[in-house]
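As the structure is a computational prediction, the values presented were derived from the model and not from experiment.
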Amino acid sequence: MKRIIFICRNNSALSQIAEGFAKHLGVGTMQVTSAGLEASEVDPEAITSMNEIGVDISRQTSKALSQFNPENFDIVISLGDNDRSLPSQWRLRERSEEWQLDDPTGKPETLPNVRDEIRKRVIDLIESLQQSR
């Protein structure tokens, strides 16, 4: 079972949505968490957007990347535009990806499109993990 961490700047929207989809769609195929370069709080708009499609992320919490050890993860996925700020030891895992996505902070009208793009990418990730078994 692969251990995956989704990372964004504040662990408030992008990485929270990715964690929610991975837990919802990848049950039993991966261990998942998310973190931010800094912790904040889960964006209420992200919670609402996920609830609209039947995925509850209201119990997820914002966590700082400093709480985690890179060696505890096989796959690291950076979301948004923070990969340059990501400490190098996080990019040296078995698999490291950068998902360039618009930051929906302060732009709730963009959230459904961003959410749907994250869902597509998580599905692609799950399928790639199933094929590599």
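For the side-chain hydrogen bond (donor to acceptor under 3.5 Å, both in side chains) test, no residue two or more places apart in sequence or in another chain qualifies with Asn51. Listed by chain and residue number, nothing satisfies the side chain to side chain contact (heavy atoms under 4.5 Å, CB included) test with Leu92 (two or more places apart in sequence, or in another chain). By the side-chain hydrogen bond (donor to acceptor under 3.5 Å, both in side chains) test, Thr33 is found to be paired with no residue, residues two or more places apart in sequence or in another chain being considered. Residues meeting the salt bridge (Lys or Arg N to Asp or Glu O under 4.0 Å) test with Glu94, sequence neighbours left out: Lys2. For Thr48, the side chain to side chain contact (heavy atoms under 4.5 Å, CB included) partners two or more places apart in sequence, or in a different chain, are Glu52. For Asp56, the salt bridge (Lys or Arg N to Asp or Glu O under 4.0 Å) partners at least two apart in sequence or on another chain are Arg59. A search for side chain to side chain contact (heavy atoms under 4.5 Å, CB included) contacts involving Pro70 returns Gln89, Trp90, Arg93, not counting sequence neighbours. For Arg121, the salt bridge (Lys or Arg N to Asp or Glu O under 4.0 Å) test picks out Glu117, with sequence neighbours left out.
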Steps toward side-chain contact (heavy atoms from CB on, under 4.5 Å) verdict (Asp74, Met30): CA-CA 10 Å; Asp74 304 303; Met30 59 184 77; over 6 Å; no
Before you tell me yes or no, could you show the steps for Lys120 and Asp124 under salt bridge (Lys or Arg N to Asp or Glu O under 4.0 Å), namely the whole-Å CA-CA distance, both residues' side-chain angles and the distance that decides it to 0.1 Å? CA-CA 6 Å; Lys120 178 189 174 304; Asp124 291 345; 3.2 Å; yes
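For the pair Ile5/Asn72, no side-chain contact is recorded, criterion being any heavy-atom separation below 4.5 Å from C-beta on. In this structure, the side chains of Pro104 and Leu14 come closer than 4.5 Å at one or more pairs of heavy atoms. Between Asp43 and Gln16 there is no side-chain heavy-atom pair separated by less than 4.5 Å. Looking at Val55 and Leu25, their side chains never come closer than 4.5 Å, going by heavy atoms from C-beta outward. Counting only heavy atoms from C-beta outward, the side chains of Ser78 and Arg91 never approach each other to under 4.5 Å. No side-chain heavy atom of Thr110 sits less than 4.5 Å from a side-chain heavy atom of Asp102.
For Ala35 against Ala64, the heavy-atom pair with the smallest separation is CB-C, 4.1 Å. Closest non-hydrogen pair, Pro87 versus Leu65, comes out as CD-CD2, 4.2 Å. The two atoms that bring Arg9 and Ser85 nearest to each other are NH2-OG, 4.0 Å, heavy atoms only.
To the nearest 0.5 Å, the span separating CD1 on Ile4 from CG on Leu125 amounts to 4.5 Å. Atom OG of Ser49 and atom CG of Asp116 lie 7.5 Å apart (nearest 0.5 Å). The distance from atom OG1 of Thr29 to atom CD of Glu127, rounded to the nearest 0.5 Å, is 11.0 Å. Rounding to the nearest 0.5 angstrom, the gap separating the CG atom in Leu111 from the CD1 atom in Ile118 is 8.0 Å. Note: Leu79 CG to Gln100 CD = 9.5 Å, rounded to the nearest 0.5 Å.
Every pair passing salt bridge (charged side-chain N to carboxylate O under 4.0 Å, His left out) that includes a residue from residues 14-23 is listed here, sequence neighbours excluded: Glu19-Lys23, Glu19-Lys63. Counting only residues at least two apart or on different chains, the ring-ring contact (aromatic ring centres under 6.0 Å, His included) pairs with a member in residues 97-119 are Phe6-Trp99. Screening residues 25-42 for salt bridge (charged side-chain N to carboxylate O under 4.0 Å, His left out) gives no qualifying pairs among residues at least two apart or on separate chains. Among pairs with a residue in residues 9-42, none fulfils ring-ring contact (aromatic ring centres under 6.0 Å, His included), at least two apart in sequence or across chains.
Under a 3.5 Å cut-off, the side chain of Ser34 and the backbone N or O of Ala18 do not form any donor-acceptor pair.
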